[in-house]
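Notes follow the structure.
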Amino acid sequence: GSTVADGGFAKTMVGNFTNNGTISGTGTISLTGSGTTIDGSGTISSNGTITISGAQTISSSCTQSITGGVTISGTVTVTNYGNITITGALNGTAPGSIWLNSTNSKLTLGSATTFLLAGTLTATASGNTVTYNGGLLQTIKATTYNNLTFANTGFTATLTLGATVNDTITLSSGTLAIGTGLLSLGSNAAIIVSGGLMTATSFANSNPYNVLYTANSTTGGELIGSGLKNITVNGTGILVTLNGNATATGNMLIKSGTFT
């Protein structure tokens, strides 16, 4: 595709937006149309913020790498069916500013925080994956995830508020640190270790555990590292299977279910 240098000028799109090339520069991009579509396979290397102020759908064929930030303005839902990488901050201006990852979609986040100002990340749809891959310290958005991946080589992503993962956590590189938040694993969740590490820095608020298993799971070598304290299995009839070494400096509590 072609490269368009924006010369620092602002750009406003009121209809569908398709990018199959590269947009560079420092100008902002405003997507104001409601019920419109974002598509194409390209790069937006502009350092200007992309502001979305109308309901937009990102098509399943869309693959975009965005260097700057993305702000959802107002009570607006952006529905992602594609594969989007955002290196800058993903923010909203209101509680109703929603980024919705739909079935089999992918969202990769590279900034220190997500929705720091306001807004909601909805990522429960089947097959969807959210990846944290920042080359800096990151704070994990407190929400419910389907698949959650960490690929932050040499850096740490910290959970300071509670999060739930319903399917798979993949530790590709870097460290997932359970800080003051509780990591809850449900719906046959599994943790896959392929180069990363999971640790904990403190008890999860007043909860007596850092990691809570509430459904069948296979676990192992990720449960290591300084600070990882109490691990709890709590669910009638569930089975948590250990396939590697695990260390807890506090308690291993089985309220109900089986740990093998």
Side-chain angles (χ1 to χ4, degrees), residues 52 55-58 66 69-134 136-152 156-172 174-192 196 198 200-201 204-205 207 209-215 217:
I52 303 174
Q56 304 265 334
T57 298
I58 302 171
I66 301 169
V70 174
T71 296
I72 302 173
S73 180
T75 303
V76 168
T77 298
V78 177
T79 304
N80 177 32
Y81 289 91
N83 183 354
I84 304 298
T85 297
I86 304 173
T87 303
L90 174 60
N91 270 320
T93 64
S97 301
I98 298 172
W99 181 285
L100 172 62
N101 252 18
S102 194
T103 304
N104 297 324
S105 64
K106 295 180 181 180
L107 173 64
T108 300
L109 299 169
S111 70
T113 57
T114 299
F115 286 120
L116 175 64
L117 301 176
T120 302
L121 173 62
T122 301
T124 57
S126 175
N128 97 87
T129 300
V130 175
T131 298
Y132 288 85
N133 77 335
L136 74 174
L137 299 177
Q138 291 184 282
T139 299
I140 302 163
K141 176 67 175 177
T143 192
T144 300
Y145 298 89
N146 182 63
N147 296 317
L148 183 59
T149 296
F150 296 92
N152 47 336
T156 298
T158 302
L159 181 65
T160 57
L161 296 171
T164 298
V165 178
N166 287 331
D167 199 332
T168 302
I169 297 177
T170 302
L171 304 173
S172 295
T175 300
L176 163 59
I178 312 300
T180 54
L182 166 66
L183 176 62
S184 182
L185 306 176
S187 302
N188 292 313
I191 302 177
I192 299 173
M198 184 166 73
T201 56
N205 298 322
N207 293 304
Y209 36 71
N210 292 131
V211 182
L212 170 65
Y213 293 91
T214 59
S217 183

Practice problem: Please examine the side chains of Asn133 and Asn152, heavy atoms only from C-beta on, and report whether any two atoms are closer than 4.5 Å. | Solution: no
Self-check item: Option passing side-chain contact (heavy atoms from CB on, under 4.5 Å) with Trp99 (candidates Asn91, Thr122, Ile58)
Solution: Ile58
Practice problem: Would you mind reporting whether Leu109 and Val130 have side-chain heavy atoms less than 4.5 Å apart? | Solution: yes
Quiz item: Does Ser172 have any side-chain contact (heavy atoms from CB on, under 4.5 Å) partners at least two apart in sequence or in another chain, and if so, which?
Solution: Thr149, Ala151, Thr170, Ser194
Quiz item: Could you give the distance from OG1 (Thr113) to CD1 (Ile140), rounded to the nearest 0.5 Å?
Solution: 12.5 Å
Quiz item: If you look at every heavy atom in Ala118 and Pro95, which pair is closest and at what distance?
Solution: CB-N, 4.2 Å
Quiz prompt | Set of residues satisfying side-chain contact (heavy atoms from CB on, under 4.5 Å) with respect to Ala142, sequence neighbours excluded | solution = Leu161
Quiz item: Looking at residues at least two apart in the chain, or sitting in another chain, which of them share a side-chain contact (heavy atoms from CB on, under 4.5 Å) with Val76?
Solution: Ile72
Practice problem: Without swapping roles, check the side chain of Asn128 against the backbone of Asn104 for a donor-acceptor pair under 3.5 Å. | Solution: no
Quiz prompt | Residue pairs passing the side chain to side chain donor-acceptor pair (under 3.5 Å) test where at least one lies in residues 71-83, sequence neighbours excluded | solution = Asn80-Asn101
Quiz item: Quick one: ring pair (Phe, Tyr, Trp, His ring centres under 6.0 Å) pairs with a partner in residues 109-132, sequence neighbours left out?
Solution: Tyr132-Phe150
Quiz prompt | side-chain hydrogen bond (donor to acceptor under 3.5 Å, both in side chains) involving Gln56 - partner list, sequence neighbours excluded | solution = Thr36
Exercise. Show the numbers, then the answer: is there a side-chain contact (heavy atoms from CB on, under 4.5 Å) between Thr131 and Leu107?
Key: CA-CA 6 Å; Thr131 298; Leu107 173 64; over 6 Å; no
Quiz item: Looking only at heavy atoms, what is the nearest atom pair of Gly88 and Ser111, with distance?
Solution: O-CB, 3.3 Å
Quiz prompt | Reported CG-to-OG1 distance for the pair Leu121 and Thr143, which is rounded to 0.5 angstrom | solution = 5.5 Å
Self-check item: Shortest non-hydrogen separation from Gly110 to Gln138 and the atoms involved
Solution: C-NE2, 3.6 Å
Exercise. Look only at the side chain of Ser126 and the backbone of Thr103, and say whether a donor-acceptor pair between them is shorter than 3.5 Å.
Key: no
Quiz item: Between Val165 and Asn146, which heavy-atom pair has the shortest distance, and what is it?
Solution: CG1-O, 3.5 Å
Quiz item: Is a side-chain donor or acceptor of Thr129 paired with a backbone partner of Lys106 at a separation under 3.5 angstrom?
Solution: no
Quiz item: If you take all heavy atoms of Leu176 and Leu171, which pair is closest and at what distance?
Solution: CB-CD2, 4.0 Å
